[in-house]
There are 2 protein chains.
Amino acid sequence: MTNLVNNVIFSFMRLSTKSRYGVRAVFDISYHGGGDGVQVKDIARRQEISPRYLEQIFQKLRDAGIITSKRGPQGGYSLARKPQNIKVGEIIRVTEGGFDPVFCINPEKSGKHCDRIAECVTRLIWKEAGEKLEDFFDSVTIQDLCDRAERLGVQKEQDRSSMYYI
Amino acid sequence: MTNLVNNVIFSFMRLSTKSRYGVRAVFDISYHGGGDGVQVKDIARRQEISPRYLEQIFQKLRDAGIITSKRGPQGGYSLARKPQNIKVGEIIRVTEGGFDPVFCINPEKSGKHCDRIAECVTRLIWKEAGEKLEDFFDSVTIQDLCDRAERLGVQKEQDRSSMYYI
DNA sequence: GTCTTTCTTGACTAACTTAGTAAATAATGT
DNA sequence: ACATTATTTACTAAGTTAGTCAAGAAAGAC
Ligand code: FES
Ligand code: FES
């Protein structure tokens, strides 16, 4: 029962918040960061994400070499590469662990064995679906998202001083 | 901790067992059914799926007009249409509720409101990903799976009498 | 060198979802 | 009548998600 109305499933095959937040956060660093590090609290405020939770996501992205961090005053996070060289697919690979829709595709990676592989008629279908998804997400870069934001007229907030009168 | 080794995520954006089992079960009805209804217990045995759980999945598929059912002795499930007219995408639409990777794509359907839609740079990316997935799954039919099974040499089990010596 | 800012690490948890089980019932063929 | 098979509804254990919380470490400002 809970929050579903009359047995209607919403949609699964869904992205976790880690991925959704992760992509938006990296975009935010790129869009609002003027060379300097961008701080968690500002990203969290602009993107409406819990700062504590965002920090967890950033650890993974930093370990994966997508962003870099700097501690202390005037510290924050920056992109590790130029936005046109960061693919959305990379971020999702980190936050979701990959694009396999089922574990059977990759028994070693998943750690689960499937003894139906030899006779399975669906395995390659799932595999191909995952590959299509991966290719698509790898075709979109952070720069693309920034371009889109400019077209949408999203205001940049580069200057720290602009925050005084909020 | 649980069963993940050292923080390694397996892969999400994953299909639920309802979808995986559902597709395999419909394929099974098509492949092993010789005109007659195919019984849950046989499908469950061949596909190694819990019969009780399979019944739940079949209710949805029947309501969606993908399979038909008949009660009583010699009852069972049959395809509602020819296998070349049943798309894998149809089955997944029923079992997963659709292909939207995030709820923001379809606020009415999901019942959740998102107030960032106007300024959101990722929404259309997620939407396009879902559409690609949907198109792909709609391009595969149950007949395709049967053809694949024949190529793989999966043995048919059409005759009820062949089950005596199991 | 102390203080403040900001990231870092790891433990913890409430709410929810998944992947089932179970039981009573209804229909149908023999 | 009886056995077989699907139908419906209720229930549940285990796992996952989406966070919170607390203590600590690095770096700059003074
Ligand atoms: S390969 Fe594991 S069920 Fe298809
Ligand atoms: S549309 Fe809801 S967060 Fe993008």
Output yes when at least one side-chain N/O atom of [X] is less than 4.0 Å from OP1 or OP2 of [N], else no.
X	N	answer
B:T17	C:dA19	yes
A:Y53	D:dT17	no
B:S69	D:dT7	yes
A:K41	C:dT6	yes
B:Y21	C:dA19	no
A:Q74	D:dG28	no
B:S50	C:dA19	no
B:R62	D:dT7	yes
B:Q39	D:dT4	no

| request: Using a strict cut-off of less than 4.0 Å between a Lys/Arg side-chain nitrogen and an Asp/Glu carboxylate oxygen, indicate whether A:K60 and A:D63 qualify as a salt bridge. | output: no

| Are B:R123 and B:E128 close enough for a salt bridge, meaning some N to O gap below 4.0 Å? |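 Salt bridge: no.
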
| query | What's the closest nucleotide to the B:Y77 side chain, out of C:dT8, D:dT7, D:dG19? | reply | D:dT7

| Considering only C:dG20, D:dT7, D:dA18, which nucleotide approaches the side chain of B:Q59 most closely? | D:dT7

| query | When the aromatic ring centroids of A:F99 and A:W126 are compared, is their separation below 6.0 Å? | reply |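 Not under 6.0 Å, so no.
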
| Any side-chain donor-acceptor pair under 3.5 Å between A:T95 and A:Y21? | no

| query | Does a side chain donor of either B:Q143 or B:D147 reach within less than 3.5 Å of an acceptor in the other side chain? | reply |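 Indeed, the side chains of B:Q143 and B:D147 share at least one donor-acceptor pair under 3.5 Å.
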
| message | Both A:E55 and A:R20 contact DNA chain D. Taking the nearest nucleotide for each, which residue is further toward the 5' end? | response | A:R20

In whole Å, I'd like the distance from the [atom1] atom of [X] to the [atom2] atom of [N].
X	N	atom1	atom2	result
B:I43	D:dA6	CD1	C1'	12 Å
A:D36	C:dC7	CG	C1'	16 Å
A:E96	D:dA18	CD	C1'	13 Å
B:I67	D:dA6	CD1	P	10 Å
B:R52	D:dA10	CZ	P	16 Å
B:F103	D:dA18	CZ	P	10 Å
A:D63	C:dT8	CG	C1'	10 Å
B:L54	D:dT7	CG	P	12 Å

| message | Tell me whether A:Y31 contacts the main-chain N or O of A:V154 through its side chain, where contact means a donor paired with an acceptor under 3.5 Å. | response |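 Yes, the answer is positive, given that a donor and an acceptor are paired below the 3.5 Å cut-off.
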
| task | Kindly determine whether B:S16 and B:E96 satisfy side-chain contact (heavy atoms from CB on, under 4.5 Å), including the steps that lead there. | result | CA-CA 7 Å; B:S16 67; B:E96 301 284 317; 2.6 Å; yes

| query | What nucleic acid atoms does B:F58 come within less than 4.0 Å of, heavy atoms only: base, sugar-phosphate, or nothing? | reply | nothing

| Which pairs pass ring-ring contact (aromatic ring centres under 6.0 Å, His included) with one or both residues in residues 67-98 of chain B, sequence neighbours excluded? | B:F58-B:Y77

With 3.5 Å as the limit, what N/O pairs link the protein to nucleotides 25-27 of chain D?
| unit_1 | atom_1 | unit_2 | atom_2 | d |
| --- | --- | --- | --- | --- |
| D:dA26 | O4' | A:R71 | NE | 3.1 |
| D:dA26 | O4' | A:R71 | NH2 | 3.0 |

| task | Kindly indicate whether the side chain of A:Q56 and the base of D:dT20 share any N or O donor-acceptor pair separated by less than 3.5 Å? | result | yes

